[in-house]
Amino acid sequence: MSGVGVSSGRAAGPLVRVAEPLPDPPTTPTPADPDSEATRIRPAAEAVANHLFTRAAGAGSAGRTILETTAAMAMDPALISRAEQQVTEQALPAARAVLEAADTFADALREAGGYLSERIRDVRDVRDRIIAELLGVAPPGVPALEGPSVLLARDLAPADTADLDPELVLALVTEEGGPTSHTAILARSLGIPAVVAVRGILSVDNAVAAVVDGEAGTVEVSDRPVRIEAAEHVTDRAWNGIGTTADGMRVSVLANVGSVTDTQTAVEAAAQGVGLFRTEFCYLAASDEPDVDTQRSAYAEVLTAFTGKPVVVRTLDAGADKPLPFLDSGTEPNPALGVRGVRVSFERTAMLERQLEAIAAAAADSGAEVAVMAPMISTVSEAIWFVERARAAGIRRAGVMVEVPAAALSIREILGAVDFVSIGTNDLAQYVFAADRTLGALAELNDPWQPALLRMIATIGHAGEELGKPVGVCGEAAADPLLARVLVGLGVTSLSMVAASVPAVGSALAGHSLAVYRQAAEEALAAPDPARAREAVHAVLG
């Protein structure tokens, strides 16, 4: 069966199915004492949160952050309050009230679209855990594993994957999900092969084992046991911390970070710097815009770990699809195409200027080699507008993200106005194919191996080579060791990814010369579909 390979490697072993979500609790019986029934909800939410915090204490850095975030969501006062209100005002049983309250939040996220719609799975996971606690049954999720296994699920919540043991979990397979899902990101960070969007796999009868190929995106299911096979893992010793091809061309291998925890992981992985520093963490919990000093301190805490190393800071990427309380951007019918990214700054220029001031000050405090870039640039005039403000703030290097096809089509003019560009393959893919990256049914269109996407990247890379301007990739495509080498062949000069993928990508680059990677890139560009693009590249690189 075929899906989308999101974490490379090949593994085989017995299948273990992750429990399906609980059935919807009924609206009856009506509680005899609604006030007393409502008081059951908060303790249940606290019990779920405490369990998640306990798991977080024993998880790795990436998993710990996810589990703590999920625990905080379980204790969301708005969710608890709304559920209690459903009990007291509508006389619903507590479990049903939690279901309806959480579904109201999920509906709002779906209407917001974009980044927030990716959080629906998180809300439903918390909902099901609280309901299970109220009903006194085991929560859905990954069962205790008695030996090495391939996990099969409809989808996996972040809390399901956050503390998986890679010694026991051979591979992940899901019927839903996509290339940018938490399942994909966590699988890569743990070095576990994964294939998502394998439509119909849960309907296969008598499947007891599977062979999973995370590069090819295939899953062979069997009604008989198979020999257990674990993926080979690249150790840190194979990565010397210097990104280079076999013939000596330097390629910066960088990490994507969005918190102090991410920074620690990046340092441990020997990343050469940061290709995408997401600054949203400084804003998400704020009811008002953080002042310059607050931002300066928060940024410096991350930047200090990279003294003397390059760090590319992305300015605030928010808007209708990532609403912040103090932005009040209103309701938009299509948030993914609305006022988001740099477009917010056109309306609130002073807010951008304060952020740039804080970034410049934090750079001076830390000694990191800081550059800035703006998200969601569409035109040359927008790029010029941003660079002028970065320069005014005293920031020497300024670039833009290429996530919109219009920017790719104007890439020569944009490169003439900026110091560098960085390709956000996640958004670029969904806009090129008009395919929402959060929909499992459209996951194949968001596969970064799609030849049409690679051709657009080639246009950008070749323009960078001709004009002598750096071209980076900071989307999830950079985390695939095979695809990373194709990107280098397309003219990409830096790769930024989830920190745990740095050693595998960095060591893979040293395997062949730039000329070989150019040949592999040409084969991928000529392929009719992602599967044959991979096959063609394997034929060149071995």
Side-chain angles (χ1 to χ4, degrees), residues 114-115 180 185 252 254-260 262-263 266 271 273-284 289-290 295-296 298-303 305-306 309-319 321-322 324 327 339-346 348-349 351-363 366 368-378 382-383 385-387 389-391 393 395-404 407 414 418-428 431 460 470-479 494-499:
Y115 171 83
T180 62
I185 295 170
S252 297
L254 311 167
N256 295 341
V257 305
S259 67
V260 175
D262 290 346
T263 302
V274 174
L276 171 60
F277 174 12
R278 303 181 181 94
T279 57
E280 288 74 46
F281 79 101
C282 193
Y283 294 82
L284 291 176
E289 178 194 342
Q295 292 185 58
R296 175 179 182 172
Y299 303 152
E301 191 172 4
V302 172
L303 295 176
F306 298 98
K309 294 183 179 180
V311 177
V312 180
V313 181
R314 184 181 67 188
T315 55
L316 181 62
D317 188 11
D321 74 323
K322 301 177 189 175
L324 298 175
L327 286 181
V339 180
R340 56 171 295 202
V342 75
R343 298 169 184 176
V344 174
S345 301
F346 299 148
R348 299 171 176 82
T349 304
M351 185 174 74
L352 172 65
E353 291 172 346
R354 286 188 288 271
Q355 183 178 30
L356 291 171
E357 179 186 350
I359 293 169
S366 66
E369 298 176 1
V370 172
V372 293
M373 65 181 178
M376 285 294 289
I377 289 290
S378 300
E382 291 177 358
W385 181 90
F386 175 76
V387 170
R389 277 146 187 81
R391 297 269 195 270
I395 299 172
R396 185 175 59 85
R397 296 190 71 239
V400 299
M401 291 195 70
V402 180
E403 304 161 283
V404 179
I414 287 177
V418 303
D419 297 309
F420 65 93
V421 298
S422 185
I423 304 170
T425 52
N426 302 348
D427 267 328
L428 186 59
Y431 292 135
I460 302 165
V471 173
V473 168
C474 61
E476 289 303 318
S494 68
L495 300 160
S496 192
M497 65 210 72
V498 59

For Arg396, give me all partners under salt bridge (charged side-chain N to carboxylate O under 4.0 Å, His left out), at least two apart in sequence or on another chain.
none

Do Thr279 and Val313 pass the side-chain contact (heavy atoms from CB on, under 4.5 Å) test, and can you show the C-alpha distance, the side-chain angles, and the key distance before you say yes or no?
CA-CA 7 Å; Thr279 57; Val313 181; 3.4 Å; yes

Which is it for Phe277 and Thr263 under the side-chain contact (heavy atoms from CB on, under 4.5 Å) test, yes or no, and what are the steps along the way?
CA-CA 9 Å; Phe277 174 12; Thr263 302; over 6 Å; no

Salt bridge (charged side-chain N to carboxylate O under 4.0 Å, His left out) against Arg354, all qualifying residues, sequence neighbours excluded
Glu289

Met401 side chain reached by Ile423 side chain, heavy atoms, under 4.5 Å
no

Residue pair Trp385 / Ile377, side-chain heavy-atom distance below 4.5 Å
no

Can you name the salt bridge (charged side-chain N to carboxylate O under 4.0 Å, His left out) partners of Glu476, sequence neighbours left out?
Arg188

Going by the rule salt bridge (charged side-chain N to carboxylate O under 4.0 Å, His left out), which residues pair with Arg397 if we only count those two or more places apart in sequence or in a different chain?
none

Can you give me the closest heavy-atom contact between Asn256 and Ser496, atom names plus distance?
OD1-OG, 2.6 Å

Would you sort out whether Val372 and Val312 count as a side-chain contact (heavy atoms from CB on, under 4.5 Å), showing the intermediate values?
CA-CA 5 Å; Val372 293; Val312 180; over 6 Å; no

Sidechain-backbone polar pair: Gln295 side chain, Ile359 backbone, donor-acceptor under 3.5 Å:
no

If only atom types and distance count, is the side chain of Ser378 paired as donor or acceptor with the main-chain N or O of Ala407 below 3.5 Å?
no

Between the side chains of Arg389 and Thr349, is a donor N or O closer than 3.5 angstrom to an acceptor N or O?
no

So, Gln355 side chain and Thr315 main chain: donor-acceptor pair closer than 3.5 Å or not?
no

Please check this pair: side chain of Asp419 against backbone of Ala398, looking for a donor-acceptor N/O pair closer than 3.5 Å.
yes

If you draw a 6.0 Å radius around CD in Glu353, do more than 12 non-hydrogen atoms from other residues or ligands fall strictly inside?
yes

Keeping the roles fixed (side chain from Ser259, backbone from Asp262), state whether a donor-acceptor pair exists under 3.5 Å.
yes

Who are the side chain to side chain contact (heavy atoms under 4.5 Å, CB included) partners of Ala360, not counting sequence neighbours?
Ile395

Side chains of Leu316 and Tyr283, heavy atoms from C-beta outward: is any pair under 4.5 Å?
yes

Test of understanding: with side chain to side chain contact (heavy atoms under 4.5 Å, CB included), list the residues that count as partners of Ser494, not counting sequence neighbours.
Ser252, Leu254

